[in-house]
Amino acid sequence: MDDRDGRLRYRLLTGPDDAEFCRRVSGALTEGYRLHGSPAMTFDGRRVVVAQALVWDDGPDARVVPA
């Protein structure tokens, strides 16, 4: 579900393990997202591909509850 300002409460960023991916994650952190769990990495035969989950909390009492 989206927050009032249109932010997704959960995002999964994926891409090659490069500076651009790090900039995307850093940008999301600057927007107020926080890391959710550890990054995942795999090799597609050509390059390392990474994924990082991020969550947006609505306020100081907001928390993510595992399903």
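In what follows, residues are counted from 1 in the order of the sequence shown. Below, each value reflects all heavy atoms present in this structure, side chains not excepted, and no hydrogens, waters or symmetry copies.
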Give the minimum heavy-atom separation between Tyr33 and Arg7, together with the two atoms involved.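 Nearest pair, atom of Tyr33 first, then Arg7: OH-CB, 3.6 Å.
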Testing the basics here: between Trp56 and Glu31, what is the closest heavy-atom pair and its distance to 0.1 Å? CZ3-O, 2.9 Å
Working to the nearest 0.5 Å, report the span between NE2 of His36 and CG of Asp57. 10.0 Å
Nearest 0.5 Å please: distance from the CZ atom of Arg24 over to the CG atom of Leu13.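 Between Arg24 CZ and Leu13 CG, I get 5.0 Å after rounding to 0.5 Å.
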Listed partners of Leu12 passing side-chain contact (heavy atoms from CB on, under 4.5 Å), at least two apart: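 Scan of Leu12 (side-chain contact (heavy atoms from CB on, under 4.5 Å), adjacent residues dropped) gives Tyr10, Thr14, Ala51, Ala53.
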Show me, pair by pair, the donor-acceptor contacts under 3.5 angstrom made by side chains of residues 37-46, not counting sequence neighbours?
from, atom 1, to, atom 2, distance (Å)
Asp44, OD1, Arg46, N, 2.9
Asp44, OD1, Arg47, N, 2.8
Asp44, OD2, Arg47, NE, 3.3

Check the hydrophobic clustering (I, L, V, M, F, W, Y; side-chain heavy atoms under 4.5 Å; chains of links allowed) and say if Leu54 and Val49 are grouped together.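 Per the 4.5 Å side-chain linkage, Leu54 and Val49 are not co-clustered.
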Can you list the steps and then say if Gln52 with Leu35 is a side-chain contact (heavy atoms from CB on, under 4.5 Å)? CA-CA 7 Å; Gln52 177 63 59; Leu35 300 176; 3.7 Å; yes
